Amino acid sequence: MRTRRDPRTLADGPSVLDRMAEILAARGIDHAQVDALGDEPEPFSPEAALSAGMPSRYRDAVADHPLVLAWTRQVAAQATAPSTGARRQVTCGPSLLMAGVTGAGKTHQAFGAVRVLVRSGLGVRWRATTAADLYAELRPSTATDAERVLAAYSRVPLLILDDLGAAKTSEFVEEQTYWLINRRYNHCLPTLITTNLAIKDLRTCLGDRVTSRLAEMTTRVEFEPVDRRRHRRAA
Ligand SMILES: Nc1ncnc2c1ncn2[C@@H]1O[C@H](COP(=O)(O)OP(=O)(O)OP(=O)(O)O)[C@@H](O)[C@H]1O
Ligand SMILES: [Mg+2]
C-alpha cells in the first residue's frame, strides 16, 4: 500500500531517498550513518519534555487533590483531535480557582494537573506565569511587544496563572487582567488560577468585571490552611 510517509512509493524511477544518497555520496557523506541517526530513540518523551519546561521545584509534582483530578477528567473529556486519527488535544474546558494560605500546595497541584493530562496521552499546549511576572512582561517600559505577549497568554489552550492578586493593584493591573480573563472566559479556555486572597479581596484588587467572570468560569478549590513548607521543615 502506498503511504505518504514513504517517498519511495511516490514515483517511478529513482526515489527521493536514492537521490539523497547520491547527493550525500557526492559530498563524501556515508548515507548509512545519516540513516542511523534517524533510528535513534527520541531524546524526550512528552513527559520528559514537560518536566524540562517546568520550574525545578514542581518537576515531579503530580496532582492528587480530588477536585483537581476531577478537573483533569473534565478537560480530557472535552479534548478533540484536529483531524481524523490525530492525537486529541486539550482545547477548551472548565477552569479552577485554587485558593489557600501560602504553602498550601496550590502551585504543586497546578503543575501536577498538567502532568496528569500529559500522562493521559493528550496533546497539551500550555504556559505558566505568575501574575506578577505577567504584568512585568506587559509593562510598556519592558519594550516587548505587549500585545503579542498578552495574546500568547490569552490564547494558549491551557494556562497556569499563579498568585493572582499578589501584585500591587493599579489601573494597569486591573485592565490587563480583565483583558486576559475576558478572552479566556469568552473562548472557554481552561485556566488554573491560584491565589492567596479571599474572593472579596480579589474583587477589591481586580475589579468586579474580573471576579464576575471568575465566578462563572471557575470551580473554587479551597486548600487546607497548612503551610507545607514550614510543616515539612518542622517534621
Ligand atoms: N501534594 C504534595 N505532595 C508533596 N509535596 C507537596 C504537595 N503539595 C505541595 N507540596 C510542596 O509543598 C511546598 C509548598 O507548595 P506550593 O509551592 O505548591 O504552595 P502554594 O500554595 O503555591 O504557596 P504560595 O501561596 O506561597 O505560592 C512545595 O515545596 C511543594 O513542592
Ligand atoms: Mg504558589
Side-chain angles (χ1 to χ4, degrees), residues 47-76 90 94-120 124 126-138 149 152-154 156-170 173-174 176-177 180-181 184 189-207 210-211 214-215 217-235:
E47 193 170 341
L50 170 77
S51 297
M54 285 191 173
S56 321
R57 179 153 314 272
Y58 303 106
R59 236 163 236 179
D60 299 320
V62 179
D64 54 6
H65 191 294
L67 288 177
V68 178
L69 290 175
W71 173 86
T72 63
R73 288 191 292 274
Q74 284 176 298
V75 170
V90 168
S95 296
L96 291 182
L97 179 61
M98 299 192 260
V101 298
T102 189
K106 304 176 294 294
T107 307
H108 178 101
Q109 293 297 323
F111 281 107
V114 178
R115 177 178 304 285
V116 168
L117 288 170
V118 170
R119 276 189 180 170
S120 73
V124 188
W126 65 283
R127 274 175 172 250
T129 183
T130 65
D133 285 343
L134 176 66
Y135 304 137
E137 266 192 273
L138 295 173
V149 172
Y153 285 108
S154 63
V156 70
L158 173 56
L159 176 68
I160 295 177
L161 181 58
D162 208 8
D163 283 337
L164 187 65
K168 193 161 174 277
T169 187
S170 68
V173 160
E174 207 173 307
Q176 303 297 312
T177 313
L180 174 73
I181 296 295
R184 298 192 67 83
L189 296 177
T191 310
L192 292 167
I193 300 166
T194 77
T195 186
N196 291 137
L197 297 185
I199 198 79
K200 70 173 175 28
D201 298 325
L202 266 184
R203 189 179 305 125
T204 309
C205 176
L206 300 170
V210 169
T211 46
L214 291 182
M217 72 193 262
T218 65
T219 300
R220 195 173 166 85
V221 182
E222 296 282 351
F223 281 67
E224 289 271 302
V226 174
D227 180 348
R228 285 173 172 265
R229 298 187 187 107
R230 293 203 171 90
H231 204 66
R232 179 179 295 176
R233 287 196 66 90

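Since this is a predicted model, take the numbers as computed values, not measurements. Whatever order the structure lists ligands and atoms in, that order sets their numbers, starting from 1. Sequence positions, counted from 1, serve as the residue numbers for this chain.
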Going by atom types alone, do D162 and T107 pair a side-chain donor with an acceptor below 3.5 Å?
yes
Under 4.0 Å to a heavy atom of N196 - the qualifying atoms of ligand 1, by number:
25 (O)
Pick, from R57, R59, H108, M98, the option with the minimum heavy-atom distance to atom 2 (C) of ligand 1.
H108
A side-chain contact here means heavy atoms from C-beta on lying under 4.5 Å apart; do L189 and L159 qualify?
no
Of the listed options (R230, R229, H65), which comes nearest to atom 13 (C) of ligand 1 when hydrogens are ignored and any heavy atom counts?
R229
Is there side-chain contact between L161 and Y153, with heavy atoms separated by less than 4.5 Å?
no
Structural part of D162 in contact with ligand 1, heavy atom criterion under 4.0 angstrom:
neither
CG of L214 to CG of L96, rounded to nearest 0.5 Å, is 12.0 Å
What part of D64, side chain, backbone, both or neither, has a heavy atom within less than 4.0 angstrom of ligand 1?
side chain
Counting heavy atoms only, name the option from V68, V101, T195, T102 that's nearest to atom 26 (O) of ligand 1.
T102
Might you work through the side-chain contact (heavy atoms from CB on, under 4.5 Å) test for M98 and L192, ending with a clear yes or no?
CA-CA 7 Å; M98 299 192 260; L192 292 167; 4.0 Å; yes
Within reach of ligand 1, part of F223 (heavy-atom separation under 4.0 Å)
neither
Minimum side-chain heavy-atom gap N196-K106 below 4.5 Å
yes
N/O of G105 under 3.5 Å from N/O of ligand 1, yes or no?
yes
In this structure, CZ of R220 is separated from CD1 of I193 (nearest 0.5 Å) by 11.0 Å
Are any N, O or S atoms from T102 nearer to the Mg ion (ligand 2) than 2.8 Å?
no
Which ligand 1 atoms does Q109 reach within 4.0 Å, using its non-hydrogen atoms?
1 (N)
Heavy atom of the protein closest to atom 17 (O) of ligand 1 (residue, atom name, distance)
Y58 OH, 2.5 Å
Taking all heavy atoms of V101 and all of D227, pick out the closest pair and write down the distance.
CG2-N, 4.5 Å
Answer yes or no: is there a side-chain heavy-atom contact under 4.5 Å between L206 and T169?
no
Closest approach of any protein heavy atom to atom 22 (O) of ligand 1, naming residue and atom:
T107 OG1, 2.7 Å
State whether the side chain of R203 and the backbone N or O of A198 hold a donor-acceptor pair below 3.5 Å, judged by distance alone.
no
Take every heavy atom of G100, measure it against each atom of ligand 1, and state whether any distance is under 4.0 Å.
no
When the ring planes of H65 and F223 are compared, do they come out parallel, tilted or perpendicular, using 30° and 60° as the limits?
tilted
Of all protein heavy atoms, the one nearest atom 11 (C) of ligand 1 is R232 NH2, 3.5 Å
Please write down residue, atom name and distance for the protein heavy atom closest to atom 12 (O) of ligand 1.
R228 CB, 3.5 Å
Among all protein heavy atoms in this structure, tell me which lies nearest to atom 21 (O) of ligand 1, with the distance rounded to 0.1 Å.
K106 NZ, 2.7 Å
Provide the number and element of each atom of ligand 1 under 4.0 Å from a heavy atom of D163.
27 (O)
Compare A99, G112, G103, A104 and give the one whose heavy atom is closest to atom 14 (C) of ligand 1.
G103
